[in-house]
Amino acid sequence: MTTIATPQERRVVIRNLSWQTYEALLRERGDEGPRMAYDRGTLEVMSPSSTHETLKTVLARLIEAYSEEMGIDIRGTGSTTFKSQLKERGLEPDESYYVRNEARVRGKEIDLAEDPPPDLAIEIDLRRSALRKLEIYAALGIAEVWSHDGERVVVHRLAPSGKFSDASQSGAFPRLPIAELARFLARVGIESETEIVRSFRSWIREMTGSR
């Protein structure tokens with residue numbers, strides 16, 4: 001077992017753990033508790049810091065404000081556990097959304113054995129993970145991941161090769177200038193979340209001429 005600690009954030013890595021034990025831990029934890037990611041025998045358990053949670057919350061609010069202003073139907077699935085026993089992989093994004101496939105999962109209890117995976121997942125501090133999380137996302141068929149390292153938002157899109165590559169444009173929200181998200185996220189801790197979202201909405205209306 002390996003423990004990695006950063007200010008107010010703790011990650012524990014356990015190796016040689018069976019899939020059955022991983023599922024038992026998920027059942028025992030229930031809906032509350034640390035986040036878990038599993039990759040073919042290796043489990044990472046992460047307790048996020050308050051800064052981590054604030055950044056993911058503000059980014060989620062920006063996505064949701066954008067979808068409202070642009071009239072895009074979405075379904076937020078938060079930190080739902082997405083897993084595949086066949087692939088022996090599972091994880092919980094910081095946030096996740098159905099966009100193109102929203103209508104297909106509306107009102108459903110999602111099961112990846114029957115339903116499509118989310119169209120978009122959000123990860124804060126992706127590089128700090130001891131696991132190759134993008135490979136887990138790829139195995140689960142999640143087509144797009146946005147990561148934020150505290151400075152910029154990077155779009156990772158799944159290619160036909162089955163691997164992620166960085167992209168300048170989102171597939172889920174192709175009209176959204178991704179660089180602008182980092183500009184608003186940089187205001188976290190300086191302005192209130194409400195003021196940041198209000199300013200973001202004003203910027204969208206200005207950009208689209210709907211003011």
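What you see is a predicted model, and the numbers here were worked out from it, not measured in a lab.
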Which residues satisfy the side chain to side chain contact (heavy atoms under 4.5 Å, CB included) test with Leu158, sequence neighbours excluded? Ala138, Phe164
Are Glu64 and Arg61 ion-paired here, with the side-chain N under 4.0 Å from a carboxylate O? no
Does either side chain, that of [X] or that of [Y], offer a donor lying less than 3.5 Å from an acceptor on the other one?
X      : Y      : answer
Ser202 : Glu206 : no
Ser129 : Glu44  : yes
Glu88  : Tyr22  : no

Can you name the nearest heavy-atom pair linking [X] to [Y], along with the distance?
X      : Y      : answer
Gly141 : Pro117 : O-CG, 3.2 Å
Ala60  : Tyr97  : CB-OH, 3.2 Å
Asp94  : Ile124 : OD2-N, 2.7 Å
Ala172 : Val99  : O-CG1, 3.7 Å
Leu140 : Phe82  : CD1-O, 3.5 Å
Glu102 : Arg75  : CG-N, 3.7 Å

Verdict with reasoning, Met70 to Phe173, per side-chain contact (heavy atoms from CB on, under 4.5 Å): CA-CA 10 Å; Met70 301 298 289; Phe173 300 105; over 6 Å; no
Do other residues, nucleotides or ligands put more than 12 heavy atoms under 6.0 Å from the [atom1] atom of [X]?
X      : atom1 : answer
Arg100 : CZ    : no
Arg29  : CZ    : yes
Asn16  : CG    : no
Asp31  : CG    : no
Arg152 : CZ    : no

So, [X] side chain and [Y] main chain: donor-acceptor pair closer than 3.5 Å or not?
X      : Y      : answer
Ser147 : Glu123 : no
Glu69  : Ile204 : no
Arg104 : Asp115 : no

Would Val58 and Arg187 count as a side-chain contact (heavy atoms from CB on, under 4.5 Å) if you check the C-alpha gap in whole Å, the side-chain angles of each, and the deciding distance to 0.1 Å? CA-CA 10 Å; Val58 174; Arg187 302 184 188 185; over 6 Å; no
Output the distance between atom [atom1] ([X]) and atom [atom2] ([Y]), rounded to the nearest 0.5 Å.
X      : Y      : atom1 : atom2 : value
Leu59  : Thr54  : CG    : OG1   : 12.5 Å
Ile14  : Leu43  : CD1   : CG    : 5.0 Å
Gln85  : Leu112 : CD    : CG    : 13.0 Å
His148 : Leu181 : NE2   : CG    : 9.5 Å
Leu120 : Arg157 : CG    : CZ    : 11.0 Å
Asp119 : Thr77  : CG    : OG1   : 9.5 Å

So Leu26 and Lys83, side-chain contact (heavy atoms from CB on, under 4.5 Å) or not? Walk me through it. CA-CA 11 Å; Leu26 288 174; Lys83 56 190 174 72; 3.8 Å; yes
For residues Lys133 and His156, determine if any side-chain heavy atom of one lies less than 4.5 Å from a side-chain heavy atom of the other. no
With the 4.5 Å side-chain cut-off for hydrophobic clustering, are [X] and [Y] part of the same group?
X      : Y      : value
Val188 : Val153 : yes
Leu176 : Leu55  : yes
Tyr38  : Val12  : yes
Leu131 : Val154 : no
Val105 : Ile142 : yes

Candidate pair Ile74 and Ser67, rule side-chain contact (heavy atoms from CB on, under 4.5 Å), full reasoning: CA-CA 7 Å; Ile74 65 172; Ser67 69; 3.4 Å; yes
Should Lys56 and Glu95 be marked as a salt bridge (charged side-chain N to carboxylate O under 4.0 Å, His left out) after you check the CA-CA gap, both sets of side-chain angles, and the distance that decides it? CA-CA 7 Å; Lys56 73 103 176 179; Glu95 295 286 346; 2.9 Å; yes
